[in-house]
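Below you'll find the structure, written out as structure tokens, and then a few comments.
Both ligands and their constituent atoms are indexed starting at 1 by order of listing. Computed from a predicted structure; not experimentally measured.
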Amino acid sequence: MKRPPKRGFSTLSIHAGQSSDPATGAIVAPIYQTSTFAQEGLGRNKGYEYARVSNPTRTALETNLAVLEGGALESTSAFAFASGMAAIDAVLSTLSAGDHVICQDNLYGGTVRLFNQILTRFGMEFTYVDASRVENLEAARRPNTRLLFLETPTNPLMRLIDLAACSKWAARHGLLTAVDNTFMTPYFQRPLELGADIVIHSTTKYINGHSDGIGGAVVARDPEVAAKIKFMQKAAGAILAPFECWLLLRGVKTLGVRMRQHDANAREVARWLASHKKIGVVHYPGLPDHPQHKLARRQMSGFGGMLSFDLGSRARAAKFFERLRIFSLAESLGGVESLVAHPATMSHAGISAKERAAMGIGDGLVRVSVGIEDCEDLISDLEQALRAV
Ligand SMILES: *Cc1c(COP(=O)(O)O)cnc(C)c1O
């Protein structure tokens, strides 16, 4: 892949992989809505043969994401998938029956469902540990362990995993480290530069940023690992369609400005919530009393737009949701509009109340995806809704 010269994040997000169309000069990468490509003769083509294998709109997006997530590293490659889950499945499909994966506890619920209800049926083994301590990883390691699977910050409690320490431990034992970087995006956190081998995104969230498409991506540092992911993409075929790639190319151009605003708004909202008398702990890595605030400052260049807090009971949370006017109650996150969610009955409904309580997810817990609306409006909406609680 041709690498652009080293430039700032937003310059790269707007230009990497997105040079004007060679055929027409179109400034925006066209949507190549085609399933196949005419070949000039036997064994002669313009680099494209069949659109499951590759498509120019997808190539533009994959080039862009590889550059953004790869940062200072050479030879990273990216692959776009039909959803975040398809991306995670492709990574796991490079393993075999009998292989063991160490996962941090508190992974995205869909990830745990895929691992425990599907991949275990194909003979893969998973152990979940508190990965905030490297000793716990060591205790879980077996001769057949192949992969360490991490996600930081976690959903919905915003706990952090030390990516440099965990990746270093994994590399010492010949294991690959995969990191779900959906919450931070490469704008705030670049796991590959911290030693991880594979980064995964649900592009549905911040990379798209406008809540109008489902998608996923895998970025790999090592060409050998990348070749395996590329093979899975072609062989299993869970590719991202050209129109969806185009939406992501459009979204990614404003990733930098959007993330800065999500971060600025969330810092202010978190501070305001933390000082409100009806609210106890606010889980946000940008607050100085977050237990891993120091680690957050070290491994991330911002704190992002996600936070959570507890209203004490389901009834109080329900009342709060009913009163909100700007925030919508909805699954998902990372779009320009602010959303609230109720983990106990939404994302974590499949987990027993007892297990949820042990995880620290109470019935009054509210998760917030702080959007990029005017912050005063967000705070006055929260204020009037809290008055009813
Ligand atoms: C949403 C999400 C996923 C799953 O992505 P889809 O695009 O919904 O398939 C995986 N990981 C995290 C952290 C997510 O937030």
Are V112 and I351 side-chain neighbours, meaning at least one heavy-atom pair lies under 4.5 Å?
no
Please report the shortest heavy-atom distance between L339 and A330, naming the atom on each side.
CD2-CB, 4.1 Å
Hey, are E138 and R141 close enough for a salt bridge, meaning a charged N less than 4.0 Å from a carboxylate O?
yes
Decide whether an N or O pair under 3.5 Å exists between S202 and ligand 1.
yes
What pair of heavy atoms forms the shortest contact from Q384 to D381, and how long is it?
NE2-OD1, 2.8 Å
Is it the case that the side chains of S13 and Y187 hold a donor-acceptor pair, with the cut-off being a distance below 3.5 Å and no angle test?
no
Closest approach of any protein heavy atom to atom 13 (C) of ligand 1, naming residue and atom:
D180 OD2, 3.4 Å
Nearest-contact summary for atom 6 (P) of ligand 1 - protein heavy atom, Å:
G84 N, 3.4 Å
I need the atoms of ligand 1 closer than 4.0 Å to a non-hydrogen atom of E151, numbered in the order shown.
13 (C)
Which ligand 1 atoms, with their elements, are less than 4.0 angstrom from a heavy-atom of T182?
12 (C), 13 (C), 15 (O)
Does F149 have its ring centroid less than 6.0 Å away from the ring centroid of F115?
yes
If hydrogens are left out, which of M184, K205, M85 has an atom nearest to atom 14 (C) of ligand 1, that is, the closest non-hydrogen atom?
K205
What is the closest protein heavy atom to atom 4 (C) of ligand 1, and at what distance does it sit?
Y108 CE2, 3.4 Å
Go through ligand 1 atom by atom and flag the ones less than 4.0 Å from a non-hydrogen atom of G215.
7 (O)
